[in-house]
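Letters A, B, ... are given to chains in the order of the sequence lines, protein chains preceding strands, and every chain is numbered from 1.
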Protein chains: 2
Amino acid sequence: MAKCESDVSPRSTPRRSYHHGRLREALVKATVELIEARGLDSVSLREVAKLAGVSSAAPFRHFPSRLALLTAVAEEAQDRLIQQIEQSLAAVEGQNALQRFRAIGRGFLLWAITNPTHFQVISNRHIITYETSSLRGRNDQIRRQMSELMVEAAAQNLLRPGDVSAHEIGARALVYGLARMYVDGQFPSWGVSQPNPLDVCNAVFDQFIASISV
Amino acid sequence: MAKCESDVSPRSTPRRSYHHGRLREALVKATVELIEARGLDSVSLREVAKLAGVSSAAPFRHFPSRLALLTAVAEEAQDRLIQQIEQSLAAVEGQNALQRFRAIGRGFLLWAITNPTHFQVISNRHIITYETSSLRGRNDQIRRQMSELMVEAAAQNLLRPGDVSAHEIGARALVYGLARMYVDGQFPSWGVSQPNPLDVCNAVFDQFIASISV
DNA sequence: ACCTGAACACCGTTCAAGT
DNA sequence: ACCTGAACACCGTTCAAGT
């Protein structure tokens with residue numbers, strides 16, 4: 001298997017001490033850098049370790065497995081997502097339930113497009129342990145929030161007639177699908193030639209929100 | 001790395017002849033079986049070869065790389081998708097452009113849910129060579145067909161006011177997102193407890209089509 | 001023409017031993 | 001307490017040699 005060259009190089013300044021100090025954080029950082037440089041598949045613990053300037057066995061002091069390391073990246077991804085959603089929600093405080101629902105979707109899109117590597121890791125359930133980590137619980141929380149807003153929007157007659165949960169699942173699938181199409185590089189082949197992919201995503205999502213509202 | 005047990009076992013009837021005869025097809029079939037039994041990540045050429053009853057070097061007579069083997073699976077996936085779409089389109093012959101557009105979406109959903117393994121392989125651009133195979137060209141063909149139907153639907157005033165391409169990208173992202181949520185096992189956590197996931201997908205997609213039509 | 005067996009350079013993971 | 005070096009069983013891929 002030929003390994004392609006890249007601009008990722010190990011620590012030029014060798015550790016002055018035997019103990020690394022912040023190896024855990026350094027490994028997570030090195031993993032993200034490696035994915036950005038050469039893609040998810042080419043991430044090996046051995047190269048992550050080399051990038052962080054330690055032996056290939058050292059990561060196992062901090063992570064029980066490769067899965068656990070990538071799960072740590074996914075947890076960082078989720079932290080950023082939740083932060084982004086909270087920020088987007090804060091910007092529409094006091095507005096109606098549908099506008100708040102829309103803010104969550106836009107927050108998700110902004111997060112996915114500005115953090116494509118993190119999005120790729122967290123949305124790939126095969127490379128992380130989703131169920132046994134905190135990921136599942138915190139994701140469920142976002143989902144519940146969206147459900148409540150949809151129910152509230154329906155109660156306030158903000159939605160066109162139709163099944164409320166179908167609207168909700170539709171919105172989630174639409175936003176998730178857009179983000180995936182972007183990170184999978186499908187936008188160019190779809191004739192999306194606009195300079196900013198986020199503008200495209202927002203426009204599509206906004207039109208969806210408009211079409212389900214009265 | 002511990003290998004879990006499974007019900008996939010190599011050929012019980014050993015080859016009577018030195019030459020396999022239909023090794024290429026057997027390898028593709030073994031690959032699909034292996035993914036179904038133990039997931040995409042655990043597919044190795046060596047095990048595929050063992051399943052087909054040949055040495056670990058034999059596959060390289062028929063496929064230049066692991067990528068090429070999985071690309072062959074993806075091509076089989078695309079064959080089935082195109083066949084399904086043609087069948088779905090045939091069932092709505094003579095109906096208006098929006099109904100024909102809807103038929104493509106429903107064909108895609110039916111294909112993805114009845115062929116989850118094939119969908120997983122073809123939608124994972126990191127494990128196949130998408131650009132240099134016939135995949136890209138034939139996929140573009142489907143996309144063009146959808147574009148034309150959308151333009152035709154707009155010309156016939158079947159759509160609510162709005163950007164036509166945003167409707168089209170929205171439909172594509174929605175359908176793709178639904179299929180991914182299903183194969184990624186996200187439906188249970190979304191409270192989708194209906195017996196048939198296809199019914200859920202169809203209902204969500206139909207409501208989308210209804211919401212963008214006049 | 002098609003397949004095997006041994007080899008090479010990788011990989012995740014373990015563990016005794018070092019500091 | 002934290003890290004190294006060598007080891008183990010894997011992996012994709014190559015290639016001389018077999019049929």
Contiguous pairing runs of three or more, Watson-Crick or G-U under 3.5 Å, that involve DNA chain C:
C:4-8 with D:12-16, C:12-16 with D:4-8
Are more than 12 heavy atoms, taken from residues, nucleotides or ligands other than B:Q83, located less than 6.0 Å from that residue's CD atom?
no
What heavy-atom pair brings A:V43 and A:V48 nearest, and what distance separates the two atoms?
CG1-CG2, 4.1 Å
Whole angstroms only, please: what is the CG-C1' distance between A:L23 and D:dA1?
13 Å
Please determine if A:R138 and A:E75 form a salt bridge, counting it only when a charged side-chain N lies under 4.0 Å from a carboxylate O.
no
Looking only at the side chains, is there a donor atom on one of B:N124 and B:Y130 sitting less than 3.5 Å from an acceptor on the other?
no
B:S44 side chain N/O closer than 4.0 Å to the phosphate oxygens (OP1, OP2) of D:dC11?
yes
Given 3.5 Å as the limit, does a donor-acceptor pair link the side chain of B:Q78 with the main chain of B:L135, or not?
yes
5′-ward residue of the pair B:A57/A:S56 relative to DNA chain C
B:A57
Could you verify whether a donor N or O on one side chain and an acceptor N or O on the other, from A:S133 and A:T71, lie under 3.5 Å apart?
no
In whole Å, what is the span from the NZ atom of A:K50 to the P atom of D:dG5?
14 Å
To the nearest angstrom, the CZ-C1' distance between B:R46 and C:dA7 comes to 10 Å
Between B:V200 and B:N196, is any pair of side-chain heavy atoms under 4.5 Å apart?
no
Measure the acute angle between the ring planes of A:F119 and A:W111, then classify it against the limits of 30° and 60° as parallel, tilted or perpendicular.
perpendicular
Taking CG from A:L45 and P from D:dC11, how many angstroms apart are they, rounded to a whole number?
17 Å
By a strict heavy-atom criterion of less than 4.0 Å, which residues belonging to residues 58-68 of chain B are in contact with DNA chain D?
B:F60, B:S65, B:R66
